[in-house]
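The figures that follow rest on heavy atoms only: side chains count, while hydrogens, waters and symmetry mates do not. All values reported here derive from a predicted model rather than from experimental measurement. We name chains A, B, ... by the order of the sequence lines, and we start the count at 1 in each one.
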Amino acid sequence: MSFLESFNAFDRSELQSNLACEDKDRIETLINSGYPKEGLETFSLLISPAASHYLEELAQLSSQLTFERHGKVIRLYAPAYMSNECTNTCTYCGFTMENKISRKTLDEKEMEAEAVYLNKRGFRQLLLVSGEHQKIVTSEYVSKMVKSVRPYFSSVAIETAPFRQNEYEDLVEAGVDTLTLYQETYDREVYSQVHLRGKKKDYDYRLDAPARGAEAKMRKINMGVLLGLAPDWRLDTLNCAVHLDWMMKNYWRVQYSISLPRLCESETDYKPAVDVSDRNVVQLILAWRLAFPDLGINISTREPAFLRDGLIGLGVTHMSAESSTEPGGYCNPESALKQFDITDERNVDDIIAIIESRDHEAVWKDWEPCLIG
Amino acid sequence: MSDKLVIAGREIRSRFFVGTGKFQNNAAMMSAIEASGAEIVTVALRRLDFEREKGENIIDALDPEKYLILPNTSGAATAEEAVVMAKLAHAAGMPKWVKLEIHPDPRYLLPDPIETLKAAEVLVKEGFTVLPYINADPVLAKRLEEVGCATVMPLAAPIGCNQGLQTKEMIKIIIEQSNIPVVVDAGLGAPSHACEAMEMGADCVLVNTALAASSDPAGMAQAFSVAVEAGRKAYLCGLAKRGSQASASSPLTSFLK
């Protein structure tokens with residue numbers, strides 16, 4: 001059974017009622033005898049309003065569990081944009097087709113120059129990002145870019161339009177070990193309201209993409225929702241957890257991680273449907289950690305410095321630094337091209353200093369290029 | 001009485017092995033390693049960056065005269081990947097010793113017995129000293145011994161869980177049957193766990209998380225070291241049998257002679 005079929009048939013009534021839990025006793029019972037039981041039930045309770053009163057207690061547990069399972073380390077990565085060409089109309093995104101921004105697609109030489117720059121800065125984990133353009137950002141194009149950067153990194157991830165399984169297989173062959181793909185929102189209605197035109201309108205095709213990636217032998221898969229798109233961020237996140245849980249059971253060889261991107265300013269005038277507060281983000285991170293102890297948790301430069309600093313030791317395992325969100329932005333910055341403004345603009349040395357001051361080690365490399373497929 | 005530990009012909013001064021993952025920095029790691037008295041120190045190959053300048057890798061802090069750096073293949077999901085990794089380490093100038101870890105399951109990091117046996121055969125033939133990480137499976141342990149592994153390293157519990165000797169009964173069988181040193185690895189969360197493994201007759205133990213996640217890694221390393229020695233000594237002396245009732249130390253039937 002595909003995830004789509006399983007997701008459509010999934011009875012989430014009990015989990016959904018947990019999301020509204022106001023009963024503090026249930027939370028206390030859950031956390032008063034050590035680590036709570038792993039899985040969806042715990043997750044649904046830990047993201048409830050009742051659990052928001054126990055952030056400190058949850059943080060203590062999460063911190064200890066993170067040390068035990070992941071160590072006192074933060075892995076560093078950098079994104080590099082390949083292209084901002086896009087054939088979709090997404091009301092919230094700076095790359096949306098209607099936006100009259102300059103468009104740019106890197107060639108192999110320009111891509112390699114970005115790779116060389118980031119490698120010299122110390123990065124060994126790279127995330128290649130692009131807009132979604134069926135004619136320009138094809139899997140063949142992405143494969144070419146992957147090959148041009150591969151020698152400079154121990155791990156290469158992609159965040160692009162969803163591809164077919166055979167295309168993912170080609171990408172793995174080219175040297176991709178990690179697939180990052182956010183459903184954006186699991187709420188079908190909201191999904192169709194914000195994705196007006198283009199292939200991205202196809203919710204179902206996107207939904208089954210992580211499974212296609214896993215079939216194609218991606219070693220690591222990173223998932224998430226774009227917080228602020230759907231009014232009910234609790235339900236949206238729970239649905240992401242349902243997806244993750246299914247993936248873990250069906251593709252047990254894959255190493256999973258999640259990201260918690262929050263909508264931020266871009267070149268559109270989109271206003272988030274809901275304000276997901278810093279406290280909410282922290283609660284979500286603690287819930288992910290405690291309900292899924294082995295999960296990697298990423299926090300990007302979209303988030304402000306104070307929050308990123310505070311989250312070191314609370315559950316986060318991966319951080320980006322010094323990021324540019326425009327194609328070619330490291331070697332030739334032109335702010336007209338970027339997808340969104342980053343918030344944490346500190347350089348990587350500052351980030352490392354903060355990580356170390358919080359008794360953690362900044363890790364550049366945690367993968368071998370031979371570990372593919 | 002001499003109680004030497006010899007692995008693949010090399011005399012090893014300590015029965016306590018330590019891992020280098022998860023520490024907050026090199027200083028904390030080094031203080032734990034020094035306090036442990038360990039000679040064998042494992043390092044994950046995937047963390048090593050041979051492009052870096054000397055001084056920027058974990059192993060640069062470890063004096064090769066003092067420690068035997070044992071590279072591990074964690075991250076490898078197949079025999080082929082593990083073999084490539086081991087060769088990579090050797091090509092980069094590391095000793096031809098390898099802790100063979102193949103876990104396709106990134107969640108509990110449980111080792112794949114089939115891939116491990118395959119990789120062990122290849123690596124032994126290529127002249128590596130192979131120390132395989134395995135589930136506590138006595139038959140697999142014998143098969144690995146037959147292909148020429150230097151030790152077997154059965155797990156006490158999943159890596160990093162600190163649950164202690166969950167696989168005790170199977171480890172007892174492995175110890176009873178083995179002609180090569182048995183290193184109990186993974187899951188030992190407290191000195192008492194390590195002591196118990198040594199009392200049972202394990203030749204060595206390997207600990208990492210319990211040290212790295214402690215608020216005092218060096219203190220904890222020392223505590224484990226003492227426990228390992230105590231357990232070994234108790235094993236050599238022979239533990240008294242356990243009974244369910246008290247047994248009188250003065251015999252009650254001595255008048256019968």
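- Listed options Asp366(A), Ile74(A), Val254(A), Leu295(A) were ranked by heavy-atom pairs under 4.5 angstrom with chain B; first place goes to Asp366(A).
- The distance from the CD atom of Gln64(A) to the OH atom of Tyr35(A) is 4.5 Å, given to the nearest 0.5 Å.
- With respect to Asp309(A) and Arg346(A), a salt bridge is recorded, a charged nitrogen being found less than 4.0 Å from a carboxylate O.
- With 3.5 Å as the limit, one finds a donor-acceptor pair spanning the side chains of Ser259(A) and Asn222(A).
- Heavy atoms of Ala212(B) lying under 4.5 Å from chain A belong exclusively to its backbone.
- Looking at Leu48(B), only its backbone comes within 4.5 Å of chain A, counting heavy atoms on both sides.
- Of the listed residues Ser154(A), Pro293(A), Ser155(A), Gly122(A), the one with more heavy-atom pairs under 4.5 angstrom with chain B than any other is Gly122(A).
- When Ser214(B), Ala213(B), Pro104(B) are compared by the number of non-hydrogen pairs under 4.5 Å with chain A, Pro104(B) comes out ahead.
- Both the backbone and the side chain of Asp49(B) come within contact range of chain A, each with at least one heavy atom under 4.5 Å from a heavy atom of that chain.
- By number of non-hydrogen pairs under 4.5 angstrom with chain B, the leading residue of Ile355(A), Val363(A), Val73(A) is Val363(A).
- Between the side chain of Ser63(A) and the backbone N or O of Gly313(A), at least one donor-acceptor pair lies under 3.5 Å.
- Between the side chain of Ser225(B) and the backbone N or O of Ala221(B) there is no donor-acceptor pair closer than 3.5 Å.
- Relative ring orientation between His90(B) and Phe128(B) is described as perpendicular, the plane-to-plane angle rising above 60° on a 0-90° scale split at 30° and 60°.
- Here Arg124(A) is the residue among His360(A), Arg124(A), Gln255(A) with the most heavy-atom pairs under 4.5 Å with chain B.
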